[in-house]
Undergrad: 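Dropping a structure here in structure tokens format, bear with me for questions.
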Amino acid sequence: MTAVNPTNVSWTTFLLRGIPGAEEAHIWISIFLFTLSLVSILGNCIILFVIRTNPSLSDPMYMFISMLALSDLGLTVSTLPTVLSVFWFNERIINFDICLTQMFFFQSFASLESSVLVVMAFDRFVAICYPMRYSSVLTSPNVLKIGVMSLIRSTIIHIPEPILLKRLRFCNNNVLSHAFCFHPDLIRLACSDTTINSIYGLVLVLSTILLDSVLILLSYIMILWAVSKINPMETQLKAFNTCVSHISAVLISYIPLIGLTLVHRFGKNAPPLIHVVMGIIYVFLPPALNPIVYSLKTSRIKEALCKLACERNSSR
């Protein structure tokens with residue numbers, strides 16, 4: 001199937017895109033992407049297993065790390081099949097309904113990750129600013145409610161997207177900008193009025209990326225204010241050091257997400273390579289790096305991993 005410009009038909013299938021001009025290197029690129037995916041899946045599964053099997057890791061912070069690991073797994077699993085089909089087998093055709101389904105799950109997990117990062121910022125805020133009330137505020141039932149509400153929020157806000165896209169006609173062309181389906185990318189291909197879609201997409205950006213970023217920033221402003229009143233300096237550093245893993249996760253997740261959003265919003269004339277690279281970075285890098293960051297920077301998780309490795313070696 002090739003990309004043409006008919007005006008009397010609406011596409012029912014679309015073409016996923018690899019890396020333009022580097023088709024001969026797709027197999028090598030796929031090995032790199034598969035390695036990142038393997039690191040993401042194994043790393044996050046190990047994090048979940050370690051937290052689940054260690055009673056000492058039952059604090060709210062570790063429950064939120066489990067939620068982050070689940071959202072990272074969802075991001076990887078929801079996009080990996082189409083990405084590997086493009087880079088391994090050059091299978092680029094995707095049905096419209098399948099595309100909408102992938103888009104819904106991909107963007108729901110992305111929103112869930114953003115929600116979890118906000119909740120983790122709140123967790124650090126309570127732990128540092130109100131340590132005596134930490135156990136009474138973040139009880140297990142409250143943590144469960146927060147997790148459920150984050151999941152509901154991340155799911156409900158994306159339900160209208162496939163419904164609104166279903167009513168559009170796609171007759172400009174059928175070539176997507178990525179090896180996965182992305183809401184702003186599909187809007188770009190429509191030849192009917194996309195005003196409602198664009199407005200809703202903007203509302204989503206404002207109510208997720210912008211709002212969540214502001215809440216995280218406000219949390220850390222109050223954390224810095226509370227830490228600045230602690231003496232001595234060594235205690236300040238020790239208190240703030242508990243936030244390093246979370247700050248790293250925020251930067252790892254938000255920088256690629258904001259970059260991808262800006263490229264689609266304002267970079268319509270940017271080279272296709274920019275779109276592809278930004279999409280790959282966002283989909284594969286954060287889920288692979290987050291478990292590494294938490295394994296290295298969270299002492300109790302590191303100790304649990306070392307204990308698990310020692311037990312495996314002694315059993316051989």
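Numbering starts at 1 and runs along the sequence shown. Atoms considered below: every heavy atom in the structure, side chains included; atoms not considered: hydrogens, waters and symmetry mates.
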Undergrad: Is the CG atom of Leu296 crowded by more than 12 outside heavy atoms at less than 6.0 Å?
TA: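 Enclosed.
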Undergrad: Do Tyr220 and His246 have ring centres separated by under 6.0 Å?
TA: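 For Tyr220 and His246, the ring centres are under 6.0 Å apart.
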Undergrad: Under the 3.5 angstrom rule, does the side chain of Asp212 hit a backbone N or O of Val118 as a donor-acceptor pair?
TA: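 No: the side chain of Asp212 does not pair with the backbone of Val118.
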Undergrad: Without swapping roles, check the side chain of Gln102 against the backbone of Phe180 for a donor-acceptor pair under 3.5 Å.
TA: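 No, Gln102 side chain to Phe180 backbone: no donor-acceptor pair under 3.5 Å.
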Undergrad: Check the angle between the aromatic planes of Phe170 and Phe14 and answer parallel, tilted or perpendicular using the 30° and 60° thresholds.
TA: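 The arrangement is perpendicular - the two ring planes meet at more than 60°.
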Undergrad: Under a plain distance cut-off of 3.5 Å, with no hydrogens placed, do Ser114 and Tyr254 share a side-chain donor-acceptor pair?
TA: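 Distance-only check passes for Tyr254 and Ser114.
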Undergrad: Hey, are Ser154 and Ser108 close enough side-chain-wise for a donor-acceptor pair under 3.5 Å?
TA: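 Ser108 vs Ser154: no donor-acceptor pair found between side chains.
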Undergrad: So, does Lys302 use its side chain to make a donor-acceptor pair with the main chain of Ser295 at under 3.5 Å?
TA: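 Looks like no, no N/O pair under 3.5 Å.
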Undergrad: Side chains of Thr82 and Arg92: do they bring a donor and an acceptor to under 3.5 Å?
TA: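 No, because no side-chain N or O of Thr82 sits under 3.5 Å from a partner of the opposite role on Arg92.
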Undergrad: Using only atom types and a distance under 3.5 Å, with no angle test, would you say the side chain of His26 pairs donor to acceptor with the backbone of Gly18?
TA: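 Answer holds: no.
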Undergrad: Short question: side chain of Thr194, backbone of Ala190 - any donor-acceptor pair under 3.5 Å?
TA: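 No, Thr194 side chain to Ala190 backbone: no donor-acceptor pair under 3.5 Å.
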Undergrad: Examine the side chains of Tyr200 and His183 and answer whether a donor and an acceptor come within less than 3.5 Å of each other.
TA: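 No.
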Undergrad: Using distance alone, with no hydrogens and no angle criterion, decide if Arg167 and Asn197 have a side-chain donor and acceptor under 3.5 Å apart.
TA: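 The criterion, which ignores hydrogens and geometry beyond distance, is satisfied for Asn197 and Arg167.
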Undergrad: Indicate every side-chain donor-acceptor pair of residues 122-137 with a distance under 3.5 Å to a residue at least two apart or in another chain.
TA:
unit_1, atom_1, unit_2, atom_2, d
Asp123, OD1, Tyr134, OH, 2.5
Ser136, OG, Arg133, O, 2.9

Undergrad: Assess the side chains of Ser56 and Arg300: does a donor N or O sit below 3.5 Å from an acceptor N or O?
TA: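 Result is no, nothing qualifies.
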Undergrad: Do the side chains of Val143 and Met67 get nearer than 4.5 Å, heavy atoms only?
TA: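 Met67 vs Val143: side chains touch.
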Undergrad: So which atom in Lys297 and which in Ser245 form the shortest heavy-atom distance, rounded to 0.1 Å?
TA: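 Scanning both residues, the minimum pair turns out to be CB-OG, 3.0 Å.
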Undergrad: Do Asp193 and Thr195 have side-chain N/O donor and acceptor atoms under 3.5 Å apart?
TA: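 Distance-only check passes for Asp193 and Thr195.
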